[in-house]
Amino acid sequence: MFFGGDPFEHFAHGHGGGGGRARRGPAEDVDTTKLYETLGIEKTVDEKEIKKAYRKLAVKHHPDKGGDEHKFKEINAAYEILSDPEKRAKYDKYGLEGLEDGGGPGGASADDLFSMFFGGGRGRRGSAGPRRGEDVNHPIKVSLEDLYNGKTVKLAINRQVLVGEPKMCSTCDGQGVVVELRQIALGMVQQIQRHCHDCEGEGYIAKKKKERKVLEVLVEKGMKHNQKITFRGMADEKPNMEPGNINFIIQEKEHETFKRKGADLLVSKALSLNEALCGFAWIIKHLDGREVVIKSKPGEVIKAEADGGKPFVKIVANEGMPSKGNPFVKGNLYVVFRVDFPSDNELNEEAVKSLKTLLPNPAMEVEYDEETAEIVHLDTADVKNFGKGGVQSHDSAYDSDDEEGGPQGVQCQQS
Ligand SMILES: [Zn+2]
């Protein structure tokens, strides 16, 4: 029987689920109990009990307290696998061999794990688990609000399922390909391998049907752009193959107020010069709907730019995004300020007079000889034009060839 019955058995969290023995030939003889035995627990226990059992044993067998080092390593390896729901589900289904791709504890290979638990290599074991079908990726667009608050989205998928037992294709003996011999000349035979038409290259002939399935996609608080939410084995069922996964890939939508990087958020705020100097209060609607009033402290001055010409930035601590896995630890909210100065003539003479006495460091009187000194005024300008003044000459031998032309856009070339 191929994955008939309860489709939820393929979910990553294989709790309960009748012991999760693999139901297929090659995986039938694998051991899926050794790790549980190592921790002295039943296969049906929950994560809490696993942790409890582990702690007890780890203390008892710790080498610092005279415990056996090998035993201690075994306990740690068993715990590392069983405490991870994904690895545990794989182990329940395919034994240690199923952990081959994911890597074992501390990056140990399946071979290391085998020798750790069974001694020696694993030469006696047959195939390394069934082949796995391709994963299917579906992007899902998620708003920043939903990534902040978390959300469950119900999504319907159409998947191919097998009906009844697939039969091995007799034309190709389950190989998916047939070999034909063709005589191309006397005594010369060409061997051609071609795709088997009877089973469409699958090696098995099975009745298939489409099944509509509603998946509950849990968008966890603090998830990030391009993060995957995996439904193990939910891709199309194919004969003699473990179905691939369906992955929903988070695509964070742009937000009109907040920009996000990691767990930090950033907003921009323009202040008038008056607000920048004399104080301000500003209400933002946070991603969970809260109204947050950002208020300057008495005497706090917001500058037009920070040292080195960088934007002037302050933070509100712990008002960023929740961290995935621990939503109580939040990033920070960065505020980038822009100070809008008054325009020319916006301040009347009286205001200027008062400001001059009120603001620190007023202009000093300068002394000059009225007969010889020249008084000049300023025009508006763009710093990009710096260097473009005067008549542009085109005869300098030092002009490099790839330099953009002057104001006329002419390139100078020697001919
Ligand atoms: Zn065939």
Side-chain angles (χ1 to χ4, degrees), residues 1-12 14 17-32 89-102 110-111 122-138 156-213 215 230-248:
M1 181 171 170
F2 277 79
F3 294 115
D6 180 13
F8 288 96
E9 257 194 34
H10 304 297
F11 276 75
R21 286 286 293 185
R23 298 179 172 185
R24 188 183 329 228
E28 203 66 63
D29 63 337
V30 302
D31 182 287
T32 60
K90 266 190 188 167
Y91 174 74
D92 282 346
K93 230 179 221 164
Y94 305 114
L96 289 173
E97 311 191 59
L99 295 158
E100 194 148 43
D101 49 345
D111 276 308
R122 55 203 269 252
R124 63 208 151 82
R125 278 167 196 275
S127 78
R131 286 185 303 154
R132 214 164 69 87
E134 276 181 32
D135 290 354
V136 182
N137 293 331
H138 293 293
I157 54 155
N158 272 312
R159 65 188 297 248
Q160 172 184 286
V161 291
L162 302 178
V163 183
E165 190 83 31
K167 285 185 192 68
M168 192 191 275
C169 174
S170 55
T171 315
C172 63
D173 285 329
Q175 297 305 302
V177 287
V178 285
V179 176
E180 283 177 349
L181 297 178
R182 192 186 294 166
Q183 186 161 351
I184 47 171
L186 197 65
M188 279 180 81
V189 178
Q190 192 183 23
Q191 202 176 14
I192 299 166
Q193 188 174 295
R194 70 164 174 81
H195 190 78
C196 173
H197 297 306
D198 291 348
C199 61
E200 290 167 339
E202 289 186 335
Y204 283 76
I205 294 168
K207 252 175 90 183
K208 297 162 188 171
K209 67 168 185 184
K210 283 281 175 193
E211 184 188 72
R212 188 173 181 273
K213 186 131 197 67
L215 300 178
T230 298
F231 286 83
R232 225 143 259 288
M234 284 308 277
D236 286 348
E237 284 184 358
K238 288 188 174 147
N240 200 34
M241 228 188 230
E242 184 192 344
N245 303 332
I246 288 186
N247 299 316
F248 292 98

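Ligands are counted one by one from 1 in listed order, and the atoms in each one are counted from 1 as well. Just so it is clear, the model here is predicted, and its values are computed rather than measured. Throughout, residue positions are numbered sequentially from 1 according to the sequence presented.
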Which atom names give the shortest non-hydrogen contact between Asp236 and Arg159, and what distance separates them?
OD1-CA, 3.5 Å
Exercise: identify the closest heavy-atom pair between Glu237 and Pro243
CG-CG, 4.1 Å
With sequence neighbours left out, the residues meeting ring pair (Phe, Tyr, Trp, His ring centres under 6.0 Å) with His138 are Phe248
Please identify each residue that fulfils salt bridge (charged side-chain N to carboxylate O under 4.0 Å, His left out) with Lys167, with sequence neighbours left out.
none
Passes side-chain hydrogen bond (donor to acceptor under 3.5 Å, both in side chains), Asn247 versus Thr230? Steps please.
CA-CA 4 Å; Asn247 299 316; Thr230 298; 2.9 Å; yes
Which pairs with one or both residues in residues 190-207 pass salt bridge (Lys or Arg N to Asp or Glu O under 4.0 Å), sequence neighbours excluded?
Glu180-Arg194, Glu202-Lys208
Count, waters excluded, of protein N, O or S atoms under 2.8 Å from the Zn ion (ligand 1):
4
